[in-house]
Amino acid sequence: QFHMIKYEDLRWCESLGQGSFTRIFKGSKIDIRDGERHVTDVLLKELDANHKNCWESFFEAASLMSQISHKHLLLVYGISVHRSKNVMVQEFVKFGALDLFLKREGSVSVSWKLDVAKQLASVLNFLEEKNITHGNICAKNLLLAREGDASQGSSPFIKLSDPGINVTMLGRDVVLDRIPWVAPEVLEAPERLELECDKWSFGATLWEIFNGGQAPLQGLDLERKLQFYETYKQLPSSEWTELADLISQCMNYQPAFRPSCRSIIRQLNSLITSGTSRELIAVKKLQ
Ligand code: ATP
Ligand code: MG
């Protein structure tokens, strides 16, 4: 179930690019409340005309996001339909996608990254408790609502975006391109998208966050990406052994062996202590 928004109440501004079967625009939404005109910045996600057959899946993503609420989950205002156009209207998040932010920002402190990881783990825990699988977790789908001070370590604030079109509807190439975020078992059987899949994606996203927003396996063609899974490879491990260990637990090829969200959160909390003391040591060495 979701709110329907009148197409006439939407204003379209600049393009922000394309997603999986979507075109993304900044825009605004006009509401008349108590006789007053309110204008809200929004993000307009339009389903590509070539993939109209995916509308049900597209609306399902919108519906999922409207049904649940969590501070780290992106707000979806509703759906707008106009002739053959299908549009998802969502909250506009000021600082955009996390991967781009990390690439742009040179120095981001360990505690800042850990904050982001903890926020993502908390929303995953919430979804796990509700037995909801997201299915498209990656740094691109984490939006930055507050920058914090990345170099000083003051807290950022992230929001997890909608999962978009379900993997069962995407072409094989699109899914292959999602290696290493998409869990290996999903490649074999896309309908096997279960809670454990999000744990795998969380591991890949953690890797991304700690590698400056760099896409893991960037530059590999689809064939090589597939080989990566077929030969049970792991991403290059971090020097920080506790972090590397958490990532490899999440990216276990056997779904049943991946950690619970509670365990992920516990491990992230202990990383915080060792991470901060690491920074202190680094600072002391400089003095
Ligand atoms: P997918 O389903 O694969 O995630 P998508 O349709 O969600 O595809 P993205 O590639 O995730 O599209 O998003 C494209 C770009 O749009 C992002 O890199 C980000 O810069 C911007 N963007 C997406 N959602 C928002 C939002 N709510 N607020 C601000 N910017 C956004
Ligand atoms: Mg997205």
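Just follow the structure's listing: the first ligand is 1, and inside any ligand the first atom is 1.
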Any atoms of ligand 1 less than 4.0 Å from a non-hydrogen atom of [X]? List them with their elements.
X: Arg178; result: 3 (O)
X: Glu91; result: 26 (C), 27 (N), 28 (N)
X: Asn136; result: 1 (P), 2 (O), 3 (O), 4 (O)
X: Gly164; result: 2 (O)
X: Thr22; result: 5 (P), 6 (O)
X: Gln90; result: 24 (N), 27 (N)

[atom1]-[atom2] distance between [X] and [Y], expressed to the nearest 0.5 angstrom:
X: Ile68; Y: Ser63; atom1: CD1; atom2: OG; result: 9.5 Å
X: Phe202; Y: Arg258; atom1: CZ; atom2: CZ; result: 13.5 Å
X: Leu127; Y: His70; atom1: CG; atom2: NE2; result: 8.0 Å
X: Ser270; Y: Glu242; atom1: OG; atom2: CD; result: 7.5 Å
X: Ile137; Y: Leu142; atom1: CD1; atom2: CG; result: 7.5 Å

Report the part of [X] (side chain from C-beta onward, or backbone N, CA, C, O) that has a heavy atom under 4.0 Å from ligand 1; answer both or neither where that applies.
X: Leu74; value: side chain
X: Asp99; value: neither
X: Pro163; value: backbone
X: Val93; value: both

Quiz item: Cut-off 3.5 Å, side chains only: do Trp200 and Glu185 have a donor facing an acceptor?
Solution: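 No pair is found: no donor N or O on one side chain lies under 3.5 Å from an acceptor on the other.
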
Quiz item: Between the side chains of Asp245 and Gln249, is a donor N or O closer than 3.5 angstrom to an acceptor N or O?
Solution: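 Short answer, yes.
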
Practice problem: At a cut-off of 2.8 Å, list the protein N/O/S atoms near the Mg ion (ligand 2), residue plus atom name. | Solution: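 Listed by chain and number, the atoms are Asn141 OD1.
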
Practice problem: Return yes when Gln18 approaches ligand 1 closer than 4.0 angstrom through a heavy atom, no otherwise. | Solution: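 Right, Gln18 reaches ligand 1.
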
Exercise. Please state whether Glu46 comes within less than 4.0 angstrom of ligand 1, counting heavy atoms only.
Key: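 Outside the 4.0 Å threshold, so no.
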
Self-check item: Salt bridge present between Glu14 and Lys26 (N-O < 4.0 angstrom)
Solution: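 Result for this pair is no, no salt bridge flagged.
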
Quiz prompt | Ionic contact status for Glu128 with Lys199, cut-off 4.0 Å | solution =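 A salt bridge is present here (some side-chain N lies under 4.0 Å from a carboxylate O).
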
Exercise. Report yes or no: is the cationic atom of Lys113 (NZ for Lys, CZ for Arg) under 6.0 Å from the centre of the six-membered ring of Trp240, at an angle within 45° of the ring normal?
Key: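 No - Lys113 does not lie over the ring of Trp240 by the 6.0 Å and 45° rule.
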
Among all the protein's non-hydrogen atoms, which is closest to [atom], and how far away is it?
atom: atom 11 (O) of ligand 1; answer: Asn141 OD1, 3.0 Å
atom: atom 12 (O) of ligand 1; answer: Gly19 CA, 3.3 Å
atom: atom 14 (C) of ligand 1; answer: Ile24 CG1, 4.0 Å
atom: atom 15 (C) of ligand 1; answer: Leu16 O, 4.0 Å
atom: atom 19 (C) of ligand 1; answer: Ala97 CB, 3.8 Å
atom: atom 3 (O) of ligand 1; answer: Ser20 OG, 2.5 Å
atom: atom 7 (O) of ligand 1; answer: Lys45 NZ, 2.5 Å
atom: atom 25 (C) of ligand 1; answer: Leu43 CD1, 3.4 Å

Quiz item: Taking N or O atoms only and a 3.5 Å limit, does Lys140 qualify as a polar contact for ligand 1?
Solution: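 N/O-N/O distance under 3.5 Å: yes.
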
Self-check item: Under 3.5 Å: N/O of Asp162 near N/O of ligand 1
Solution: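 Checking ligand 1 against Asp162, no N or O pair falls under 3.5 Å apart.
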
Practice problem: For the residue pair His82 and Tyr7, categorise the inter-ring angle as parallel (less than 30°), tilted (30 to 60°) or perpendicular (more than 60°). | Solution: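 The rings of His82 and Tyr7 lie parallel, inter-plane angle below 30°.
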
Quiz item: Going by the angle between their ring planes, with limits at 30° and 60°, are Trp55 and Phe59 parallel, tilted or perpendicular?
Solution: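 Plane angle over 60°, so perpendicular.
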
Practice problem: Among residues two or more places apart or on two chains, list those pairs meeting side chain to side chain donor-acceptor pair (under 3.5 Å) that have a residue in residues 31-43. | Solution: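 Sorted pair list: Lys29-Asp31.
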
Quiz item: Looking at atom 29 (C) of ligand 1, is any protein heavy atom nearer than 4.0 Å to it?
Solution: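 Neighbour list for atom 29 (C) of ligand 1 includes protein heavy atoms (cut-off 4.0 Å).
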
Practice problem: Start with the C-alpha distance between Leu43 and Gln90, add both sets of side-chain angles, then the distance that settles side chain to side chain contact (heavy atoms under 4.5 Å, CB included), and finish with yes or no. | Solution: CA-CA 5 Å; Leu43 184 107; Gln90 51 178 239; 3.3 Å; yes

Quiz item: Should we count OH of Tyr253 as having more than 12 external heavy atoms under 6.0 Å?
Solution: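 Enclosed: over 12 neighbouring heavy atoms sit under 6.0 Å from OH of Tyr253.
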
Practice problem: Look at atom NZ of Lys103 and say whether more than 12 heavy atoms of other residues, nucleotides or ligands are closer to it than 6.0 Å. | Solution: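 Yes.
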
Practice problem: In sequence, state the C-alpha distance, the side-chain angles, and the governing distance for Val167 and Arg178, and then conclude on side chain to side chain contact (heavy atoms under 4.5 Å, CB included). | Solution: CA-CA 10 Å; Val167 275; Arg178 288 196 183 168; 4.1 Å; yes

